[in-house]
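Here is the structure we will look at.
Being a predicted model, the structure only gives us computed values, none of them experimental.
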Amino acid sequence: MLLIFDLDGTVLDTYPLIRETFIQLFERFLPEYQYDETDLQSFFGPGLLDTFTKIGCSEEKAKHLFREYRKLNANLQPKYLRMFPDTREVLQALKDRGHKMAILSNKINEAITSNLKQMNLLSFFDLIIGIDQVKKPKPNREGIDLIKKMLNVEKCIYIGDTKTDMATAINAGIDGIGVGWALTSKEDLLAAGAKYVASDMKDLLKIVRDNYV
């Protein structure tokens, strides 16, 4: 069984990093933009260019903010990037059970790889697919199909923390497991189509062990 994971809010606790990056970005390059905590949370998950476009930036401005965001994020990463409790132990247990594992994220591949390297988790994953490697990002099924093809595996599940992640699984015709340790509630994940919702990493291990070979 192939286990495909989202990154932000699923494998890594990146919200503090993403939140601080946006705050500093807006302060430096978009000081007229007014936002609140709910707005900051809404930026957690979608691709950056889509986010900047949705808040009214031109295509040129969005590309500029994208480049500056990446610089800021890289500088802030050592201070703000975190890992959820028991992540390394659970990934090792899943690997020991023979599961192939991959990442599908609406981040670019370089950023995903950098995050995983800092947390010493990169070696657990057989493949990483970022938004820059697909024509249509999540919730389109393209990324799931690409991973299945590249790893030559048909049976898989998708594990993520947002409604978009659950929609991605549904669109791909596979089970979606929601994780309830980020910003989306268990109730919202179930309403979005999650087959199961894990309360923590150890609970995720149990769900996979009990339901997927």
Going by distance alone, is a donor N or O of one side chain under 3.5 Å from an acceptor N or O of the other, for [X] and [Y]?
X      : Y      : value
Thr53  : Asp50  : no
Thr184 : Asp188 : no
Asp175 : Tyr158 : no
Lys195 : Asn211 : no

Please assess Leu190 against Val197 for the test side chain to side chain contact (heavy atoms under 4.5 Å, CB included), listing each intermediate value before the final yes or no.
-> CA-CA 7 Å; Leu190 288 171; Val197 176; 3.8 Å; yes
Validation row: Ile4, Ile103 side chains within 4.5 angstrom (heavy atoms) | no
Below 4.5 Å, heavy atoms only, C-beta onward: do Tyr35 and Ile23 meet side chain to side chain?
-> yes
Search all heavy atoms of [X] against all heavy atoms of [Y] and return the closest pair with its distance.
X      : Y      : value
Thr51  : Pro46  : OG1-CB, 3.8 Å
Pro137 : Asn106 : CB-OD1, 3.4 Å
Ala192 : Met166 : O-CB, 3.6 Å
Leu30  : Cys57  : CD2-SG, 4.2 Å
Phe5   : Leu204 : CE2-CD2, 3.9 Å
Lys155 : Val153 : O-CG1, 3.4 Å

Going hydrophobic residue to hydrophobic residue with side-chain gaps under 4.5 angstrom, can you get from [X] over to [Y]?
X      : Y      : result
Met201 : Met1   : yes
Leu151 : Phe125 : no
Leu48  : Val134 : no
Leu76  : Ile18  : no
Leu116 : Tyr80  : yes

Could you measure the distance from the [atom1] atom of [X] to the [atom2] atom of [Y]? Nearest 0.5 Å is fine.
X      : Y      : atom1 : atom2 : value
Ile159 : Leu104 : CD1   : CG    : 12.0 Å
Asp13  : Leu81  : CG    : CG    : 8.0 Å
Leu183 : Gln41  : CG    : CD    : 5.0 Å

Evaluate the criterion side chain to side chain contact (heavy atoms under 4.5 Å, CB included) for residue pair Ile131 and Ser105; output intermediate values, then yes/no.
-> CA-CA 6 Å; Ile131 195 170; Ser105 171; over 6 Å; no
Short side-chain to backbone donor-acceptor contact, [X] and [Y], under 3.5 Å:
X      : Y      : result
Ser114 : Ala111 : no
Thr113 : Asn109 : yes
Asp126 : Lys100 : no
Thr14  : Leu17  : no
Gln118 : Gln77  : yes
Gln24  : Leu72  : no
Trp181 : Gly9   : yes
Arg141 : Asn171 : yes
Glu142 : Lys136 : yes
Asp200 : Asp203 : yes

Is the count of non-hydrogen atoms from other residues, nucleotides or ligands lying under 6.0 Å from Asp36 atom CG greater than 12?
-> yes
When you look at NZ of Lys202, are more than 12 heavy atoms from neighbouring residues, nucleotides or ligands closer to it than 6.0 Å?
-> no
Audit row: Tyr15, Asp8, side-chain hydrogen bond (donor to acceptor under 3.5 Å, both in side chains) steps and yes/no | CA-CA 7 Å; Tyr15 182 64; Asp8 296 327; over 6 Å; no
Would you call [X] and [Y] a salt bridge, taking side-chain N to carboxylate O under 4.0 Å as the test?
X      : Y      : answer
Glu37  : Arg19  : yes
Glu68  : Lys71  : yes
Glu110 : Arg70  : yes
Asp6   : Lys138 : yes

Could you give me the CA-CA distance, side-chain angles and deciding distance for Glu154 and Lys148, then say whether salt bridge (charged side-chain N to carboxylate O under 4.0 Å, His left out) is met?
-> CA-CA 6 Å; Glu154 184 59 35; Lys148 289 166 64 177; 3.1 Å; yes
Is the distance between the ring centroids of Phe52 and Phe66 under 6.0 Å?
-> no
Is the ring centre of Tyr69 less than 6.0 Å from the ring centre of Phe22?
-> yes
Do the rings of Tyr33 and Phe43 sit parallel, tilted or perpendicular, given the 30° and 60° boundaries?
-> tilted
Where do Tyr212 and Ile177 land on the side chain to side chain contact (heavy atoms under 4.5 Å, CB included) test, with the steps shown first?
-> CA-CA 12 Å; Tyr212 303 98; Ile177 298 181; 3.9 Å; yes
Please lay out, stage by stage, how Leu12 and Leu121 fare under the test side chain to side chain contact (heavy atoms under 4.5 Å, CB included).
-> CA-CA 10 Å; Leu12 294 180; Leu121 297 177; 3.7 Å; yes
